[in-house]
Student: 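Quick one: the structure is below, and I'll ask about it shortly.
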There are 2 protein chains.
Amino acid sequence: MKPGYLHGTDCRPVAEILSRIGDKWSVMLVMELHDGTRRFSELRRALHGISRKMLTTSLRGLERDGFVTRTVHPTIPPKVEYQLTDLGRELAVPVRALGEWALQNRARVLVARERFDQAAATHAAVVEPDRQAVR
Amino acid sequence: MKPGYLHGTDCRPVAEILSRIGDKWSVMLVMELHDGTRRFSELRRALHGISRKMLTTSLRGLERDGFVTRTVHPTIPPKVEYQLTDLGRELAVPVRALGEWALQNRARVLVARERFDQAAATHAAVVEPDRQAVR
DNA sequence: GCGGCGTGGTCTATAAAAGAGACCTGGGCT
DNA sequence: AGCCCAGGTCTCTTTTATAGACCACGCCGC
């Protein structure tokens, strides 16, 4: 076996962490919170397309893993503020790099997808169905 | 609304890309392929814990999005090689940063989780069940 | 000759996660 | 009184992730 980066180590422990910090909502929440403290409704407006359920779940996960603090102010209406922790600010470095990369390169990815999908469609039309398995 | 990073833009387009590049198996595959061309079985051995199904699916997704090339050598036994593309090498920069961060900080995350879970358990034991909703 | 092993997958069934949005309490405003 | 806001919870549905059996075929050891 070639000595590679992971080199045969059990990946599941680190995979578990990656599931959290690579999650799309987590990436966007960390990016938004990097700009300062935010309330629940502010985050909801910032992340167009996220449901209340997913916002709560994602924030809860980030809080659980130590990236975010949640501060409830005993006011009416209720005021809850979310903020990055020290660990969260450290995480923000690679997370923002990833998010920025996604924003800046989205078009190139979509072009590649289209090419791939067209090639696959062309290939499907040419090859007998029972031979398609041999890609 | 506070002017934040995302500032009310529809997040779903970039979320879609983030789903791909933030996916735990994608992160680990890109990290491994950054060290050089690999065969399917080599990747399988490098990523302990991944099933054949997930390896195929993840590689296919990375190929589709233009991060990876797949080269079939007409040999027996079959030899298929995977390699990062230019786009893939560019992506490797933030992806490796994220993966490295996960490896180096996993312990801190786990500690935070334990603390949170203990605090939650303690809180649950103290509060009347019907009041737990008010966190 | 036969069985086991390797290659690189596909496929089916199951489990888990992601997600939508109705609903909740209570106060402020019209 | 009705509508809006805050910050969620909850139930149900959809989607994704996952395990591992199975495939063809050649090589190798017995």
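Letters A, B, ... mirror the listed sequences (proteins, then strands); counts begin at 1. The model shown is predicted, which means the values in this text are computed figures rather than measured ones. FYI, side chains are in, hydrogens and waters are out, and symmetry mates aren't considered; it's all heavy atoms of this structure.
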Student: Can you name the one residue among R106(B), K24(B), R113(B) that meets side chain to side chain donor-acceptor pair (under 3.5 Å) with E16(A)?
Tutor: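 Result: among R106(B), K24(B), R113(B), R113(B) is the only option passing the side chain to side chain donor-acceptor pair (under 3.5 Å) with E16(A).
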Student: Think W25(A) has a side-chain N or O under 4.0 angstrom from the OP1 or OP2 of dG19(C)?
Tutor: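 Yes, such a contact exists.
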Student: Looking at every strand, decide which applies to T56(B) at a 4.0 Å heavy-atom threshold: base, sugar-phosphate, or nothing.
Tutor: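 Base: the residue T56(B), judged by heavy atoms under 4.0 Å, touches a nucleobase.
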Student: Is any side-chain heavy atom of V68(B) closer than 4.5 Å to one of T85(B)?
Tutor: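 No, too far: nothing below the 4.5 Å cut-off.
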Student: Looking only at the side chain of S41(A) (C-beta and beyond, no hydrogens), which of the listed nucleotides dA6(D), dC10(D), dT12(C) gets closest?
Tutor: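 The closest nucleotide is dA6(D).
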Student: For S51(A), report the nucleic acid contact type (base, sugar-phosphate, nothing); a contact means any heavy atom under 4.0 Å.
Tutor: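 Base, at least one base atom sits under 4.0 Å.
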Student: Please collect all ring-ring contact (aromatic ring centres under 6.0 Å, His included) contacts where either partner lies in residues 20-46 of chain B, sequence neighbours excluded, each pair once.
Tutor: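 Not a single pair qualifies under ring-ring contact (aromatic ring centres under 6.0 Å, His included).
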Student: Would you say R39(A) places a side-chain N or O within less than 4.0 Å of OP1 or OP2 belonging to dG7(D)?
Tutor: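 The answer is yes; a side-chain N or O of R39(A) sits under 4.0 Å from OP1 or OP2.
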Student: Hey, is the side chain of R45(B) poking within less than 4.0 Å of OP1 or OP2 on dT7(C), counting only N and O atoms?
Tutor: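 R45(B) to dT7(C) OP1/OP2: side-chain N or O found under 4.0 Å.
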Student: What I want to check is whether the side chains of T37(A) and Q83(A) have a donor and an acceptor closer together than 3.5 Å.
Tutor: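 Distance-only check passes for T37(A) and Q83(A).
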Student: State whether the distance check finds a donor on one side and an acceptor on the other, under 3.5 Å, for side chain R52(A) versus base dG21(C).
Tutor: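 Per atom types, no contact qualifies.
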Student: Counting only side-chain heavy atoms from C-beta out, which of dG9(C), dG7(D), dG21(C) sits nearest to F40(A)?
Tutor: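 Ranking dG9(C), dG7(D), dG21(C) by closest atom to the F40(A) side chain puts dG7(D) first.
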Student: Give a yes/no answer on whether the side chain of K79(B) brings an N or O atom under 4.0 Å of OP1 or OP2 in dG26(D).
Tutor: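 Negative; the distance criterion is not met.
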